Every structure is written in C-alpha cells, then in structure tokens.
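Because the structure is predicted, anything quoted here is derived from the model rather than measured.
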Amino acid sequence: MRAISQAVMVFSTVLAMSGVASAETISDAGNAAVRKAEQRGLKAVPSAKLASLLTAPKNTGDVAYTRSWLEAQPNPTGNANWQCLSEALYFEARGETLKGQFAVAEVIMNRVASTRFPDSLCGVINQGTGRKYQCQFTYTCDGNPERINEPNSFVRAGKVARAVMDGRAPKLTNGATHYHTTAVRPNWANVYTRTTSIGVHRFYRHNYRSASN
C-alpha cells in the first residue's frame with residue numbers, strides 16, 4: 001500500500017509540474033507576441049520623435065518670464081533646428097511679451113511631437129512653404145525677404161528657442177498646436193478648442209488629445 005501511495009504521489013506531482021510548465025509555456029508565448037507587437041509599434045515611430053520622447057528634459061521649470069532673466073542667459077548656439085526656431089520666433093513673435101514668445105515656441109514644439117505634423121522643427125516651420133496659401137507660418141511665404149534687421153531681438157529669440165528646446169520652460173498652452181493674433185480670426189478658430197490667450201495671441205488645439213500632447 002505504501003508503494004502504491006508513493007506512486008500516486010509521484011504521478012500527481014508529475015501532472016502538477018506538467019500543468020505549470022504548460023502555463024509557463026503559454027505565458028512565454030503571449031509575452032513574446034506582446035514584445036513583437038511593441039517592437040513593430042516602436043519601429044513605426046520616426047527616430048527623431050522617439051528620441052525626443054526618451055530624452056529627459058534639462059533643468060525643467062527654471063525659466064522666469066522677465067527681461068532680466070533672459071539677459072542673464074548665455075549667448076545661444078545650436079543646430080539647424082535651433083536656427084529655424086529662432087527665426088520663427090523672430091519673425092512671428094518678436095513684438096510679443098517674453099511669455100508670449102515662449103508660448104509660440106511651445107506650439108511649434110507641440111507640432112513636432114504630434115503625428116499630424118513633420119517630426120523636426122525645420123520641417124514644421126517650413127511645412128507648405130512655396131505653395132500658395134499652404135504655408136503654416138506667414139513669414140515663410142509672404143514674399144518678403146527674411147532679413148534680420150534687429151540683431152538684439154534675434155539674440156533674445158535665440159535664447160528663448162534654446163531654453164524651450166532644452167526643456168527648461170513650463171507648459172503654457174495646454175497642448176496647443178495652432179495660434180493666431182487677436183487682429184484676425186481664421187476659419188479653423190471656430191472648430192478647434194481654444195486653450196488660452198497670452199499677449200496678442202490666442203491658442204488652440206485640435207478636438208482630440210494624443211499621448212504626445
């Protein structure tokens with residue numbers, strides 16, 4: 001009897017272990033499928049956009065919207081994207097308050113983070129340039145030469161661009177991807193969700209929210 005009991009116990013143990021192994025095998029297969037799906041999703045994301053999502057911001061939130069703070073910042077430098085953003089701020093918002101300039105820069109950054117727009121600053125700023133009524137930023141297609149006649153204003157715009165690109169500025173626009181001055185009211189302003197007003201600009205976003213904005 002003892003031998004029979006021992007045999008039953010061994011058989012039961014083998015069955016139990018077999019069940020565990022099967023469950024683990026199923027679990028491993030499921031995890032592998034999930035990993036493959038995640039990898040396919042990651043491969044579909046442009047490398048520049050993925051890098052922007054994975055790169056931790058520097059010194060987040062140390063910006064003060066005062067002339068004295070801006071003047072204390074070092075002379076800025078950067079790559080072509082920094083140059084594009086600096087020029088956009090100079091031509092689009094140099095007459096704005098400092099906070100307003102940061103808000104305009106944030107809109108451009110929000111577009112870079114959105115899948116509905118190009119995935120670089122220069123790409124966003126120059127989108128539609130050369131096509132009648134298709135440019136996104138008026139100065140890129142108004143027919144006027146893009147001359148920097150106020151070098152000090154350009155240096156200030158460059159400092160704002162540098163701070164925003166480095167992730168130092170707190171969010172101001174609640175995910176806005178569009179703006180216009182109070183002097184005009186484009187048709188899309190009747191459709192998109194208005195998020196805030198800063199200086200002479202009003203800010204809007206599409207009637208959807210994504211993980212990026």
Mutual orientation of the aromatic rings belonging to His178 and Trp188 [parallel < 30°, tilted 30-60°, perpendicular > 60°]: tilted
Pairs where residues 69-78 contributes a residue and the test side chain to side chain donor-acceptor pair (under 3.5 Å) is met, not counting sequence neighbours: Gln73-Arg168
side-chain contact (heavy atoms from CB on, under 4.5 Å) between Leu98 and Thr66, worked out: CA-CA 7 Å; Leu98 183 56; Thr66 63; 5.5 Å; no
Considering all heavy atoms, the nearest Ser197-Arg202 contact: OG-CG, 3.4 Å
Residue pair Ser86 / Ala161: nearest heavy atoms and the distance that separates them: OG-CB, 3.6 Å
Distance-minimising heavy-atom pair for Pro76 and Arg162: CB-CB, 4.0 Å
Arg156 and Ser153 side chains, donor-acceptor separation under 3.5 Å: yes
Partners meeting side chain to side chain contact (heavy atoms under 4.5 Å, CB included) with Ala176 (sequence neighbours left out): Val107, Thr173, Thr195, Phe203
Parallel, tilted or perpendicular: ring planes of His201 versus Tyr179, cut at 30 and 60 degrees: perpendicular
Point-to-point distance, once rounded to the nearest 0.5 Å, from CD of Glu106 to CG of Asn174: 9.0 Å
Straight-line distance of Lys171 NZ to Thr196 OG1, nearest 0.5 Å: 14.5 Å
Gly175 versus Asn110, closest heavy-atom pair with distance: C-ND2, 3.5 Å
Heavy-atom side-chain proximity of Trp82 to Leu121 below 4.5 angstrom: no
Exam field: side chain Glu96 to backbone Val200, donor-acceptor pair closer than 3.5 Å: yes
His180/Tyr204 under side-chain contact (heavy atoms from CB on, under 4.5 Å): CA gap, chis, key distance, verdict: CA-CA 9 Å; His180 66 78; Tyr204 302 77; 2.9 Å; yes
Nearest heavy atoms of Asn149 and Tyr90, plus distance in Å: N-OH, 3.0 Å
Interatomic spacing from CD in Gln127 to OG in Ser120 - rounded to 0.5 Å: 10.0 Å
Cluster link Val63 to Val155, ILVMFWY, side chain under 4.5 Å: no
Minimum heavy-atom distance Ala80-Cys122, with the two atoms named: O-SG, 3.2 Å
Qualifying residues under salt bridge (Lys or Arg N to Asp or Glu O under 4.0 Å), relative to Arg185, sequence neighbours excluded: none
Residue pair Tyr65, Leu172: steps toward the side-chain contact (heavy atoms from CB on, under 4.5 Å) verdict: CA-CA 12 Å; Tyr65 302 114; Leu172 295 170; 3.5 Å; yes
From CG (Asp62) to CG (Asp166), nearest 0.5 Å: 9.5 Å
Approximate separation, where rounding is to 0.5 Å, of Cys84 SG and Leu89 CG: 11.0 Å
Aromatic ring proximity Tyr139/Phe91, centre distance under 6.0 Å: yes
Verdict with reasoning, Gln101 to Val164, per side-chain contact (heavy atoms from CB on, under 4.5 Å): CA-CA 10 Å; Gln101 291 181 41; Val164 171; over 6 Å; no
Main-chain N/O of Thr177 paired with Tyr192 side-chain donor or acceptor, under 3.5 Å: no
